[in-house]
Protein chains: 2
Amino acid sequence: MALLDTVVMRGLSNQGALSTEDKAFLLELELNPRHMSASEVLWLENGQADLFCVVKEGWGYSYRNLKNGSKQILKFYLPGDIIGIRDFGFTRRLASAAMINDGVIYPFSYQQLFELFGRSSLAVGIMATAMRQQALLSERLVYLGKYAAHEQLAHFLYEIYLRLKRIGAVEDNSFLMPLTQELIGDALGMSPVHVSRTFSMLREEGLVIRDRQHVKLPDPEALARLVEFNDSYIDEFLPSAFSELLRATP
Amino acid sequence: MALLDTVVMRGLSNQGALSTEDKAFLLELELNPRHMSASEVLWLENGQADLFCVVKEGWGYSYRNLKNGSKQILKFYLPGDIIGIRDFGFTRRLASAAMINDGVIYPFSYQQLFELFGRSSLAVGIMATAMRQQALLSERLVYLGKYAAHEQLAHFLYEIYLRLKRIGAVEDNSFLMPLTQELIGDALGMSPVHVSRTFSMLREEGLVIRDRQHVKLPDPEALARLVEFNDSYIDEFLPSAFSELLRATP
DNA sequence: CATTATCCATAACCTATGTTAAGTGAGCGC
DNA sequence: GCGCTCACTTAACATAGGTTATGGATAATG
């Protein structure tokens, strides 16, 4: 029962929180264990997201390949860890995953996970929202790790731009951003002075016009190109991933 | 119906995925809106984690205060965002949260969220696992943002140490770590050369002994002090947070 | 209107970390 | 045993970004 070997589950089980039904359900969930060899890829970025795995033996990791040829590792997975719930709520993988050394994993389908949430698509929605937040966090981590200040800031502004656009708070490529440069610095891990420098840089390149809280991106697409913005993680119409599942489970 | 104003929920609703029961449940969930003024704190790190909020108006942010006096912002929250599900599954807050400007928020209790998951503490377990992953991610982000290389590496090693200890893979303060310095560099956003330099530094200080994959931490507590490791996010016996809830909802 | 506090821009200087390169030792195939 | 390759170490040099400081807007306050 691989899922039971998960740290949290083991805790729940010890406390008697898992009902007999729960345990029966877990057994039902179980697919075949899969033996993996070192460096074997579990899935690639943009691949179909339809399952997650419990790592039984060996180490794995998830990572994003970057435009400059390097990669940013998001997380190492040790035995007992669950790999791949990150993408629950998305149709495609946001990051690749691979093994480091030989190991054994137990795959579970999202479909099964979905059934687990029972009748409430509300619960699914909450879960999806949480995963979407995590996606934003991961993306920021990637930029913190490997990109230069002007790329980070461009990425940050573009993200805000997209998120505001979703809720109709962008007009004529302009929006209100009630942040001081100090706050932005605290978010991007850079000194306020350098935030200012970097804003000046972007201004000179005609990418960002800013007057206090008023921000205008004259050419959002240019910004997006600069940072190779992968908007699937923010713009994807999440629930579509569920509508299929909903159809499958009447 | 603030929760319905959430991006994901709106999507679900549009697609007719929400049943009448779901919607009734949502209505029931609703507490009173709360008017917040600029800079007002929603909660502090280590405070009790018992609710989350939907931001209706204004901007908010979550952040961690760092030992060096600065802070790392984890996320900005815009209208329609949910703030505070991050801590679902923990008893205490892992990060503080505050408003940036004036606004309105709708609080919801974790208790209600818990009921939403219905009879399945399995679902709760999955959710908690996901949140725990996010906590690790946040912690890494904090270190990427504001700490020097040797602090980052020390933190990384201590995290691995704790995680391996949980699953009984540490003996006599030693463990097997099948990572190259290049992989570690890809995780910490630093060049492999600097990983080597930094390992040398930690070795000279007697904090880390390493021979290829064999790692020994002669004095784990010293490492923990060096990085002010907040182990609540990794070591907390998560399900205890639920046992109360379970008792409350027979 | 005067005063003060914020926020921001720019400059000069300093340091941590990236880059490139060369050398060492362990493992492994031949 | 010989010559690979791979992982690591150390050194010399380059640079992005931190730090400190100063001045100038703009907004808040009396």
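As the structure is a prediction and not an experimental result, all values here were calculated from the model. Every heavy atom of this structure was used, including side-chain atoms; hydrogens, water molecules and symmetry mates were not. Chain A is the first sequence line, chain B the second, and so forth, proteins listed ahead of strands; every chain is numbered from 1.
- Between B/Arg92 and B/Asp87 there is no salt bridge, since no side-chain N of the basic residue sits under 4.0 Å from a carboxylate O of the acidic one.
- Here the side chain of B/Tyr143 pairs a donor or acceptor atom with the backbone of B/Val227 at under 3.5 angstrom.
- In this model, the phosphate group of D/dG17 is not approached by any side-chain N or O of A/Gln152 to a distance below 4.0 Å at OP1 or OP2.
- Counting any heavy atom pair closer than 4.0 Å across all strands shown, B/Gly189 reaches sugar-phosphate atoms only and no base atom.
- In this structure, B/Thr180 reaches the sugar-phosphate backbone alone: every heavy-atom distance under 4.0 Å involves primed, P, OP1 or OP2 atoms, never a base.
- Going from atom CD of B/Glu182 over to atom P of D/dT9 covers 14 Å, rounded to whole Å.
- Computed from coordinates, the A/Arg197 CZ to D/dG18 C1' distance equals 7 Å when rounded to whole Å.
- Between the NE2 atom of A/His214 and the P atom of D/dA25 there is a distance of 19 Å, given to the nearest Å.
- Taking atom CD of residue A/Gln181 and atom P of nucleotide D/dA25, one finds them 16 Å apart after rounding to whole Å.
- Regarding contacts with the backbone of C/dA9, a side-chain N or O of A/Arg210 is found under 4.0 angstrom from either OP1 or OP2.
- Neither OP1 nor OP2 of D/dT19 sits under 4.0 Å from any side-chain N or O of A/Ser191.
- Side-chain N/O atoms of A/Ser200 include one lying less than 4.0 angstrom from OP1 or OP2 on C/dT10.
- Aromatic ring centroids of A/Phe156 and B/Phe76 lie under 6.0 Å apart.
- Atom C1' of nucleotide C/dT19 and atom NE2 of B/His194 are separated by 13 Å, given to the nearest angstrom.
- Counting non-hydrogen atoms under 4.0 angstrom, B/Val193 reaches a base of the nucleic acid.
- Annotation: side chain to side chain donor-acceptor pair (under 3.5 Å) contacts of A/Ser37 (sequence neighbours excluded): A/Glu40.
- For B/Arg212 and D/dC6, the CZ to C1' distance is 8 Å, given to the nearest whole Å.
- OP1 or OP2 of C/dC7 has not a single side-chain nitrogen or oxygen of A/Gln213 nearer than 4.0 Å.
- For residues 171-202 of chain A, no pair satisfies ring pair (Phe, Tyr, Trp, His ring centres under 6.0 Å), with sequence neighbours left out.
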